[in-house]
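Here is the naming used below: chain letters follow the sequence lines, and residue numbers restart at 1 for every chain. Any value given below was found using the heavy atoms of this structure, including those in side chains, with hydrogens, waters and symmetry copies removed.
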Protein chains: 2
Amino acid sequence: MKRGSFQAMKRLNKSLILNKILNDGPISRAEIAKDIKLTPPTVGTIVKELIEQQIVKESAQGESKGGRKPTLLVVDHEAFYVIGIDAGPRDVTIVLTNLQADMIDTAKTDVPVGISKEAYLQLLIEETDGLINRNASYMDQLIGIGVAMHGVVDAERGVGLYAPNLNLRDIPVKDVLTGHFDLVVQVENDARALALAETWFGEGKGINNLLAVNIGSGVGAGVVIDDELYRGKAHIAGEIGHMTIDLHGDVCTCGNRGCLQTIVSGEAIQKRAEQAIKAGADTLLTHQSPTAYDLYQAAEQGDAFSQHLLTETAEAIGVGLTNVIHTINPDRVLLNGGVMKASKYLLPEIQRTVASRALTAQAKDTPILVSKLGDNASALGAVALILVELFKRNGEIDV
Amino acid sequence: MKRGSFQAMKRLNKSLILNKILNDGPISRAEIAKDIKLTPPTVGTIVKELIEQQIVKESAQGESKGGRKPTLLVVDHEAFYVIGIDAGPRDVTIVLTNLQADMIDTAKTDVPVGISKEAYLQLLIEETDGLINRNASYMDQLIGIGVAMHGVVDAERGVGLYAPNLNLRDIPVKDVLTGHFDLVVQVENDARALALAETWFGEGKGINNLLAVNIGSGVGAGVVIDDELYRGKAHIAGEIGHMTIDLHGDVCTCGNRGCLQTIVSGEAIQKRAEQAIKAGADTLLTHQSPTAYDLYQAAEQGDAFSQHLLTETAEAIGVGLTNVIHTINPDRVLLNGGVMKASKYLLPEIQRTVASRALTAQAKDTPILVSKLGDNASALGAVALILVELFKRNGEIDV
DNA sequence: TAAAATAATTCACTATCTAAATTATCATTT
DNA sequence: AAATGATAATTTAGATAGTGAATTATTTTA
C-alpha cells in the first residue's frame with residue numbers, strides 16, 4: 001500500500017522521463033515535457049539529476065524547427081554493464097553486455113550429468129568469474145547479474161524451487177551469487193526471462209500484454225500483463241506445457257494424460273516420429289529419431305510424412321494457444337525455442353488453427369509471431385532482469 | 001502514462017484513506033495514519049473532505065486505550081444508492097441497494113424469445129423505470145446503474161458485442177441507458193461482474209488474483225489480477241468454456257471438439273444423462289433430462305448412476321481448472337452457477353482432481369471454494385461496477 | 001538586420017506533505 | 001477531587017516539488 005508523497009511523486013516522474021528517453025531517445029527536454037505533460041522546469045531539473053547519475057547524457061543537437069536547436073538526450077548505454085546467465089540443465093551461457101544488450105563477451109560451458117546443487121552453483125560462480133577476469137576494464141561499471149534459470153523459480157527470494165532436468169530442489173542462487181560477487185542479483189524462470197527479453201529487445205517491445213511461448217525440450221511460457229512479468233501466487237503462471245488438451249492422450253512425465261508437451265515438445269516430436277518410422281512410415285528421413293529441424297529439412301524436400309507430422313504438431317500448438325488466448329487474451333503471442341526452427345512449416349498452420357478455433361474475430365486475429373532473438377535469448381532475458389531494476393529504480397542501483 | 005502531480009498524490013492518498021475506512025472501518029483517524037503511514041494532519045484534512053462529500057461519517061466513539069477516545073469513521077452506506085441489472089438472455093433481474101449491497105427493492109421479468117435489440121433495451125429501461133418509480137424517495141441519492149450482461153462485452157464503450165443466447169450483436173447499452181437516465185452507467189460481462197461481486201461481497205474479499213468461474217448453461221470466468229478485473233485486448237479473457245480439453249471429444253456449439261462446456265455445462269450434463277438413460281442406464285432418476293440438481297438429489301438417495309455422472313463432471317471441471325491454474329496461477333478459485341447446486345458432490349471431486357493433476361505442492365493447494373452469494377450474485381456484481389467507480393473516484397461521482 | 005519561433009532556464013507562487021507543538025479528552029493514580 | 005500520563009485530533013510552521021509566466025539563448029525566416 002504505497003502512499004502518495006513528494007518522494008513518490010518525484011520518483012514516478014523521474015521514471016517516466018528516464019523511460020521516455022530510453023524508448024524514444026534521442027529526444028529533447030521540450031518534447032519530453034510535451035509528451036508526459038510535465039512543465040519544462042520539472043523536466044529540466046530531473047534530467048539534470050539523471051545526467052549527474054551518468055545514466056543519461058546529452059548527444060548531438062537536433063534539427064531546428066524554426067527556433068533554437070533542441071539538445072537531444074539519450075541513455076548512455078556504455079555507462080553500465082550487465083552480466084546475464086542462462087542457467088540451463090545441459091549448459092550454461094553467460095553474456096556481458098552494455099545497456100542495450102550489445103554483446104561484449106560471452107562464455108558457454110556444459111553441465112555434467114547428475115551434478116549436485118553445490119557443484120552447479122560453483123560452476124556458475126567460476127564461469128562468471130572467468131568472464132569477469134577476462135573483462136576487468138568493465139568491472140567498475142558492472143551493476144548486476146541476472147540469472148535465467150530452468151525450472152520453477154521463486155523470483156522474489158531468488159531461489160530455484162525445482163529444476164526437473166537437473167533433479168535439484170531449493171537452489172539458493174541469489175544468496176550464493178550476491179555473497180560471492182556483492183552485486184545486484186536477480187533470478188527468474190527461463191521462460192519468463194525469455195518473455196522479458198522479447199519486451200526489451202525483441203518483438204514484444206511496447207506490447208502491454210504478451211504471451212511468449214518457448215517450445216523446446218519442454219514447453220513453457222512467460223506472461224506479461226500490464227508491462228510486467230506475471231508470476232502467480234505459486235510462481236507457476238505460464239506453465240502451459242502441462243495443459244491438458246487431450247483427456248485420453250499419451251501419458252506425460254507429470255503423470256497426467258494428453259498434456260500439450262506430450263505432442264509438441266522437442267522430445268515428443270522425436271518420439272512420435274520414431275514410433276511412426278518403426279511402424280514403417282513412408283519417409284525420406286534417415287534419422288531414426290528426427291528433430292523438428294530434421295523434419296523441416298525433409299519437408300522442404302517434399303517429404304509428405306514430415307509435412308504431416310509438422311502439421312499435426314502445429315495444430316496441437318494452435319489448440320493450446322487458443323486455450324490461452326481464451327483465458328488471458330494477450331495482445332500478441334511470440335514463439336521461441338528449438339522446435340520453432342521448423343517455423344516455416346509450423347507458423348502458418350498454427351495461425352490457421354487459432355483463426356479457425358478462436359471465438360471472436362478479434363481473437364482469431366491475435367498476432368502470432370516467431371521470435372527473432374536467436375540463441376542467446378534467455379541470457380538476454382537475464383540481462384533484462386537487471387535492466388528492469390536499473391530503470392525502475394531510476395538509475396539508482398547500488399554499484 | 002499518468003504523471004506525478006500534487007493532484008495525483010492527493011487523489012491517491014484520498015483513495016487509500018477512503019478504502020481503508022471502507023474495508024477496516026469503523027476506524028479512527030489515528031489508526032488510519034498509522035496504517036497508511038501518513039501523518040495525522042494529512043489524514044485529518046482528507047477525512048474532512050470525505051465527510052463533506054457525505055461518503056464518510058463519524059460514528060460512535062471507540063474504546064479508550066488510556067487516553068482520549070478515538071472518533072470512529074465509517075462509510076455512510078446509506079448516503080448513496082445504486083441500481084444493478086443482471087441482463088440475462090432468459091430473464092432480467094434488477095436490484096436497488098445501498099452501498100453495502102443491502103437490498104432495498106428488486107424486480108425480475110422474463111425476456112421474450114427472439115427479442116430484438118431495441119425491444120431488449122426498451123425492456124431494460126421500462127423495468128428500471130418501474131423500480132425507480134416504486135422507490136422515488138431514494139432517487140436523489142441514486143448515483144449509478146451497473147449492468148451485468150450476458151455475452152462478450154466491451155466494458156470501455158459499454159457495448160454488448162455479442163450475446164449468443166439472445167442472438168444479438170452490438171447492443172449500445174451504455175449509450176441508451178445514460179441517454180434515458182442521465183446517470184453513471186457501467187456495463188460488463190456477467191462472468192466478470194460475478195467475479196467483482198465476489199471481491200466486494202463474497203469469498204473473494206482481499207484476494208488479489210482471483211478466478212471466479214460460473215458454470216451454468218455455459219461456462220465463463222472472471223479473472224481478477226492485482227485487484228482489478230482483467231479483460232484482455234479483445235474482451236474475451238476468461239472465456240474458459242471453450243477451452244479444449246479433449247481433442248477428440250464431442251462437437252461444441254462453437255464448432256470445435258472437446259470444449260470444457262461440452263462436458264460440464266448445465267446443458268451438457270442434461271444431454272449426457274439423457275443419452276445414458278435412453279441407452280438404458282440403471283438409475284433412480286425419473287426425469288428424462290435431469291439437471292445437476294436432480295442428479296445431486298438422486299445421488300443423495302444413493303443412485304450410483306448419478307454419482308458417477310457427477311464425478312465425471314467434476315473431473316472435467318478439475319482438468320479445466322488445473323489448466324487455468326497452470327496458466328494464471330490465481331490465489332483462489334471460486335465456483336458459481338446452477339451446476340454448483342450439486343456442489344456437495346462436485347466440489348470434493350474437483351479439489352481431488354486438481355490436487356492430483358497440478359504440478360507443484362502449492363498449486364495443488366490452490367483454494368477452491370463455492371460461492372455463497374446466491375441467486376442475485378450477477379446483479380450484485382452490476383452494483384459493484386458502480387461501487388468501483390465511486391470508490392476509485394474518491395466519492396466524486398457525479399450525482 | 002529585425003522579427004518570429006523554439007529551447008532551456010530562472011523566478012515567484014502554490015499545493016500538499018511532514019514535524020512539532022497545542023488542544024482535547026480520557027483512565028488511572030494519589 | 002485533583003494531578004498525571006496517555007492517546008486523539010487539530011493547529012502552526014516549514015519543506016518539497018510541482019506550475020505558470022517571464023527571461024535568456026539560439027536559430028530560421030522575412
Side-chain angles (χ1 to χ4, degrees), chain A residues 1-18 20-21 24-52 56-74 394 396, chain B residues 1-18 20-21 24-52 56-74 394 396:
Chain A
M1 204 188 280
K2 273 186 187 165
R3 73 186 196 281
S5 64
F6 294 105
Q7 272 187 40
M9 173 166 66
K10 183 162 185 189
R11 269 185 86 83
L12 172 60
N13 285 335
K14 197 167 173 181
S15 179
L16 289 173
I17 290 171
L18 175 55
K20 187 79 190 168
I21 297 171
D24 298 348
I27 186 171
S28 69
R29 291 167 175 81
E31 202 179 338
I32 294 172
K34 199 185 285 178
D35 284 5
I36 310 191
K37 296 186 211 314
L38 286 165
T39 55
T42 302
V43 174
T45 52
I46 288 178
V47 164
K48 191 192 256 181
E49 281 183 34
L50 289 169
I51 289 174
E52 274 164 16
V56 164
K57 66 178 180 186
E58 294 186 335
S59 67
Q61 306 261 100
E63 287 296 297
S64 164
K65 290 179 214 153
R68 176 174 169 177
K69 284 183 185 167
T71 309
L72 298 181
L73 302 164
V74 292
N394 303 334
E396 280 163 25
Chain B
M1 204 187 277
K2 274 189 186 163
R3 71 186 197 280
S5 64
F6 293 106
Q7 271 187 39
M9 174 166 66
K10 183 163 183 189
R11 268 186 87 83
L12 172 60
N13 286 335
K14 197 167 174 181
S15 179
L16 289 173
I17 290 171
L18 176 55
K20 185 82 190 166
I21 297 170
D24 300 346
I27 186 172
S28 70
R29 291 167 176 81
E31 202 179 338
I32 294 171
K34 199 185 283 178
D35 286 5
I36 309 193
K37 296 188 210 316
L38 286 166
T39 55
T42 302
V43 174
T45 52
I46 288 177
V47 164
K48 191 191 257 182
E49 282 183 32
L50 290 168
I51 288 174
E52 274 164 15
V56 165
K57 66 177 180 186
E58 294 186 336
S59 67
Q61 306 262 98
E63 285 298 296
S64 163
K65 291 179 214 155
R68 174 173 170 179
K69 284 181 185 166
T71 309
L72 299 181
L73 302 164
V74 292
N394 304 331
E396 279 164 25

(message) Tell me the interatomic distance from K10(B), atom NZ, to dT14(C), atom P, rounded to whole angstroms.
(response) 17 Å
(message) Measuring from the side chain of T39(A) (C-beta onward, heavy atoms only), which nucleotide among dC17(C), dG18(D), dT19(D) has the closest atom?
(response) dT19(D)
(request) Take atom CD1 of I17(B) and atom P of dC17(C), then tell me their distance rounded to the nearest Å. (result) 8 Å
(request) Establish, with yes or no, whether the OP1 or OP2 oxygen of dA7(C) is under 4.0 angstrom from a side-chain nitrogen or oxygen of Q61(A). (result) no
(request) Verify the contact: side-chain N or O of R68(B) to OP1 or OP2 of dA27(C), cut-off strictly under 4.0 Å; return yes or no. (result) no
(request) Using heavy atoms to find the nearest nucleotide of DNA chain C for G67(B) and S5(A) separately, return the residue whose nucleotide is more 5′. (result) S5(A)
(message) What's the closest nucleotide to the side chain of K65(A) if the choices are dG18(D), dA7(C), dT18(C)?
(response) dA7(C)
(request) Would you please confirm or rule out a distance under 4.0 Å between OP1 or OP2 of dT10(D) and any side-chain N or O of R29(B)? (result) yes
(request) State whether S64(B) places a side-chain N or O below 4.0 Å from either non-bridging phosphate oxygen (OP1 or OP2) of dC26(C). (result) no
(message) If I take atom CG from residue N13(B) and atom CZ from residue R3(A), how far apart are they, to the nearest 0.5 angstrom?
(response) 8.0 Å
(message) Under a 4.0 Å threshold between the charged nitrogen and the carboxylate oxygen, would E31(B) count as salt-bridged to K65(B)?
(response) no
(request) Map G66(B) and K69(B) onto DNA chain D by nearest heavy atom, then report which one ends up closer to the 5' terminus. (result) G66(B)
(message) What's T42(B) touching, base or sugar-phosphate or nothing? Going by heavy atoms closer than 4.0 Å.
(response) base
(request) To the nearest Å, give me how far apart CD (E63(A)) and P (dT28(D)) are. (result) 8 Å
(request) Side-chain contact test, heavy atoms from C-beta onward, threshold under 4.5 Å: evaluate it for R68(A) versus Q61(A) and give yes or no. (result) no
(request) Could you check how far CZ of R11(B) sits from P of dA15(C), rounded to whole Å? (result) 18 Å
(request) Name the nucleic acid region contacted by T71(A), choosing base, sugar-phosphate or nothing; use a 4.0 angstrom heavy-atom cut-off, strictly under. (result) sugar-phosphate
(message) If the cut-off is 4.0 Å, is N13(A) near the phosphate of dG18(D), judged by side-chain N/O to OP1 or OP2?
(response) yes
(request) Kindly say if R3(A) contacts the phosphate of dT18(C), meaning a side-chain N or O under 4.0 Å from OP1 or OP2. (result) yes
(request) Over all heavy atoms of both residues, which pair between P70(A) and E63(A) is shortest? Give the atoms and the distance, please. (result) CD-O, 3.4 Å
(message) Tell me whether S15(A) contacts the main-chain N or O of R11(A) through its side chain, where contact means a donor paired with an acceptor under 3.5 Å.
(response) no
(message) Under the side-chain contact (heavy atoms from CB on, under 4.5 Å) test against I17(B), which residue among L50(B), I27(B), L12(B), N394(B) passes?
(response) L50(B)
(request) Go through dA20(C), dC17(C), dG18(D) for me and flag the one nearest to the P41(B) side chain. (result) dA20(C)
(request) Could you check how far NZ of K34(A) sits from P of dA8(C), rounded to whole Å? (result) 11 Å
(message) If I take atom CD1 in residue I36(B) and atom P in nucleotide dT18(C), what distance separates them, rounded to the nearest angstrom?
(response) 11 Å
(request) Mind calculating the distance between CG (L73(A)) and P (dA7(C)) to the nearest angstrom? (result) 13 Å
(request) Grab the CZ-C1' distance between F6(B) and dA15(C) for me, whole Å please. (result) 5 Å
